[in-house]
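Not measured: the values here are computed from a predicted model. Here is the naming used below: chain letters follow the sequence lines, and residue numbers restart at 1 for every chain.
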Amino acid sequence: MNPASSTRGTVKERADIALNDDFLRNAVRFTTDRLRSGKKVASTEHGNWEEWRERGRQIRLHTIAHLDYYLNLFVENARSNGVHVHFADNAVEATDIVMTIARQKEAQSVIKSKSMVSEEVHINQALELSGIEAIESDLGEYIIQLAGEGPSHIVIPAIHKNRYQIAELLSEDAGETLEPDTTILAGYVRRKLRQKFLEADIGMTGCNFAIAETGSMVLFENEGNARMVTTVPKTQITLMGMERIVPSWADLEVMATLLPRSATGQRLTMYMSGITGPKRTVDADGPEEMHIIIVDNGRSQQLGDPEFQELLNCIRCGACLNVCPVYRQIGGHSYGGTYSGPIGAVLTPALNKNVAEWDDIASASSLCGACYEACPVKIPLHDMLVSLRRRKVERGHGDKLEALGMRGFATLMANSKRFALAMRLGKIAQKPFVHNSGIHLKLGPLKGWNTYRVAPTLANHSFRDQWKELSAETAAQPKTIDPAVRQRMEQVLADRQHNKSTSRTGGESHE
Amino acid sequence: MSNTNQPFSAKPPVVPNPESSHLTPDHEQHDSSQADWLDELEQKSKAKQQTFMNHIADRLQRPRIQEAPKHPFRGAPEIWQDFNWNEAEKIEKFTKHFTEVGGNVLRMQTLEEAGAFIAEQSRLLNAQYIVRQQLPETEALTLEARLPHVQISAWNSHTEEAWKARAAEADIGIVLADGAAAYTGTVMVTSSASQGRSVSLLPTVCIVLLPIERLQTRLGELLIPWDSKGRENLPAGIHFISGPSRSSDIENELTIGVHGPGIVYTLLIG
C-alpha cells in the first residue's frame, strides 16, 4: 500500500517496466476491451447518449459553479441528520481527524470499502503506524493490499494480477494452499472478511455523490462491501472529495444513468445506497455515529481556473482509461499517482500543483481525444493535457534540447533559401548513416525515435525539387472539377454548417 | 446465541410513525464522556466551515452565494420524464433485466402463494435460520406455521437480541420492496425499526416481496419522491438492489455472492 514506492523514476522508466510485463499488458488490454465494449452496448441500448452526457455535464458545471452554496447546504443538512461533518484542507488534516476519531473509539481495526480519496491521503499507512489494522474489503483492493501495492485501475484495482499470483497471496494470508480457482479464492475472502466486518470498530467509505438538499451520501458498488461497512460497525467515517455534490435526488438519476454504464457497462451497479445520517434510535442496525470528512487536498486550486475547473466534474468512472491507447499499453502503475490514465495525467499534477515530480506524466498521452469522447460528462482532458504541457514550458521546466531544436526548426522553415540549403547539406550528411534506405542511428536527437523505429532518409528527389514540373503539369490541365464531386462537397459543407448551428451550446463533437 | 422461534402473533410489528421519536438520530444519545471530544470537533468544524466556503467563493472570484441558484438542468432530460411502459411491459422488462444479471423473478398471485414457494425453497436449501422484516406482509407468508423446524425471527421483534448476528447466521432473509424500476431491474428497500438493512444483506439468500403496483418504469420514479418528502422524513438507509452480489476482480471472471447474498429472488405479488 505504498504508492510512493511506485512513483520513483520517470513515467518513461515505469512504463518500460510495464511494457516488459506481458501478462500486465494483456490483462490491461483484455479488461479495458471488455469494459469499453460493455459501455458501448450499454450506452447504445440506453439511447440518446449525447443528450444524457450533455445533461450530466450541465449538472456538474452548475454544481461546481455554485459549489459554496451547495456544499454548505449539504453540510447543514447532514448535520441536521445527525452527521458529524469535518473539513480538511489537505491530506494531513484529513488523517488527523480520522486518527482523532479512531483514538477516541479505541479502535483496533477499521474496515474500508473502496475510496480513492483514502488512497489519495494514504490513510492506511497512518492507521497502521498507530497499530490500528486497516482492512480493504473490496475483493480487488484486498488483493492489492496483501501485495502491498496501490490500485492500477479506478474500477478494477487488481487488473494487473493473474489468478496464480492472487492464489499465492491469498494462500499466504490463509496459511493453507488455495487452488487458483476464482470461486475458491473469492469464497475465502468472503469468509475471512465476514469475520472482520463483525469485529471492526470503524467502517470507512468513500462517497460517489452527496445530495445537497437532503444531506444524504450515495455509494455505488457491486459486491455489497460498502453496504456492510455502512451497516455493521458502530462508527462510520466517510471521506469525501469536496466536489462530490449533486443538488438533488432528481439529479442523481442522471449520475446513476451515466456512471455504471460508463464504468462497467451495467444498467446500474448491483447496489446503490443512499445513506441519510446515522441509524435512528429505534433501528437495530446501521452506525450509531457517523462522520463525513470533506477533503480539499488541491481541489479548490482548480476552481476559477478556466483551463482546469471542469476537472472537478469528474465522476470517477474510469471510461477514459479504457479507451486510452497509452493506458492500454502501460497500465495504471506507470502513472505513479493515485489516479491513472488520462484523468490521472491531468488530476495528479493539478492536485499537486508546482510539484516538479509530476511534470512528466502530462506527456504520457497521444492527445488523440478518445478520453473526451468516452467521458460521460465531457471533460476536455486532451485540451487540459496541452495546457499542462504549455504551463510546464512557460515555467521553464521544458526540455532544453527540445526548445533549442524547435528554435532551429523555426529559423530553418521561415526562409525557403535557408531550407533548400539545409536539405542539400542534409542529403550529403546523411550518407554515412543510411542502410536499407533508412537511418538506424541511435544517437543524439535520433535516439528516442530510432530505439523502436527507423527514421526515413531525405529523398533524393524531393517534392520541392519536383515542383516546377508538377506545377507546369497541373497548369496544363482543365481547372473545373467534376460537377458531381463539386455537388457532393457543397452538400457536406452545408450539412456541417447546419449541424453546428443546431447543436446545443458547449461540447462540440471532437473532430 | 439463543434464537427465538416466535409465533408471529407474539408481538405487534413496530409501525414506523414519522411523528414518533424513532427518527431521532443516535448522536443525541451519547453519554457525557463522549460528548466532550465530539463537541470540540464540532466547534472546530463550524469555525472552519466559513473559511472553507469563503475560500471556494474566493477561488470562483465572486461573493458567497446565499440564495438557491436557478438550476435549469435539474434531473433527467425532459423527453425521459414522459417515458412509461404499461404494466405488461414493466413486468417483462423488470424480469428480463433482473434475470440477466443473475437474479430470479417469479410472479405470484398472493402472499399465500409466496409463502408456499418460500417454504418449499427453504426445504430444498435445507435452511436452518430465516430472518424476515417485521411487517404484516412478511407475517402473512405464515412461514412460522409452514416451517415449524426452522428458526424464524422477525427483525427487531424484541430489543435484547443481537440482531446483526441473527441476520449474519440466517440462510434466508425476507424483505418487502418499497418500490422497483423495470428499466434498470432494480428493487428499493428502506430501513426502519422493523426493516433492518442487514436482512437484505447478510443472509446467503435474499427474497424480496414486490407488490406489483409498486413496480415503476424508471429509476427516477423511485428517486425523485425523496426530494419532496422532507429531509427529516428520509430513512437512514435507502438501498437499491439490482441482483446478486458480484465481482469481476479476479481475471475478469464473474463471481457471485462476494459479500452480499449470492441468490436473490424477487417475487412479484399480484
Between [options], which residue shows the highest count of heavy-atom pairs closer than 4.5 Å to chain B?
options                        : value
A/H66, A/E221, A/R299          : A/H66
A/E223, A/Q266, A/H46, A/K161  : A/E223
A/M242, A/R190, A/Q309         : A/R190
A/D89, A/I159, A/T269          : A/D89
A/M290, A/R194, A/M255, A/M228 : A/R194
A/S273, A/G140, A/A284         : A/A284

Quick one: what part of [X] sits under 4.5 Å from any heavy atom of chain A, side chain, backbone, both or neither?
X      : value
B/S200 : both
B/Q61  : side chain
B/S198 : both
B/E100 : side chain
B/A181 : neither
B/P261 : both
B/L202 : both

Exercise. Among all residues two or more places apart in sequence or in another chain, which pass the side-chain contact (heavy atoms from CB on, under 4.5 Å) test with B/S248?
Worked result: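 Result, side-chain contact (heavy atoms from CB on, under 4.5 Å) vs B/S248: A/R34, B/L254.
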Contact part of [X] toward chain B, heavy-atom cut-off under 4.5 Å: side chain, backbone, both or neither?
X      : value
A/L61  : neither
A/R261 : side chain
A/V254 : side chain
A/Q165 : neither
A/L67  : both
A/A167 : neither
A/L139 : both
A/N48  : side chain
A/I143 : side chain
A/A212 : neither

Exercise. Do A/E213 and B/R74 sit within salt-bridge range, that is, some charged N less than 4.0 Å from a carboxylate O?
Worked result: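 Yes, charged N to carboxylate O under 4.0 Å.
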Exercise. Does A/K279 come within less than 4.0 Å of A/E288, counting only side-chain N to carboxylate O?
Worked result: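 Salt bridge flag = no for A/E288 with A/K279.
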Exercise. Can you tell if the side chain of B/T186 reaches within under 4.5 Å of the side chain of B/I241, non-hydrogen atoms only?
Worked result: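 B/T186 vs B/I241: side chains apart.
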Problem set entry | Sub-4.5 Å side-chain heavy-atom contact between B/W163 and A/D285 |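 In short, these two side chains do not touch, never coming nearer than 4.5 Å.
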If you count every heavy atom of other residues, nucleotides or ligands that lies below 6.0 Å from [X] atom [atom1], does the total exceed 12?
X      : atom1 : result
A/E45  : CD    : yes
A/Y164 : OH    : no
B/K44  : NZ    : no
A/K234 : NZ    : no

Flag, side chain of [X] to backbone of [Y], donor-acceptor distance under 3.5 Å:
X      : Y      : answer
A/D138 : A/S113 : no
B/R59  : A/S300 : yes
A/D283 : A/R280 : yes
A/R227 : B/R197 : yes
A/D251 : B/G75  : yes
B/H97  : B/A182 : yes

With chain A as the partner, which of [options] has the greatest number of non-hydrogen pairs under 4.5 Å?
options                        : value
B/K70, B/H55, B/K164, B/K229   : B/K164
B/I238, B/N252, B/T255         : B/N252
B/S242, B/G260, B/A236, B/G220 : B/A236
B/Q66, B/M188, B/H71, B/R62    : B/H71
B/P244, B/G196, B/P69, B/P72   : B/P69
B/N54, B/T51, B/L219, B/D58    : B/L219

Problem set entry | Ring centres under 6.0 angstrom apart (B/F94, B/W85) |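 Here the rings of B/W85 and B/F94 have centres that are no less than 6.0 Å from each other.
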For this session: Write out all pairs satisfying ring-ring contact (aromatic ring centres under 6.0 Å, His included) with one or both partners inside residues 266-291 of chain A, taking only residues at least two apart or from two chains.
Result: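 Residue pairs passing ring-ring contact (aromatic ring centres under 6.0 Å, His included), neighbours aside: A/H84-A/H291, A/H86-A/H291.
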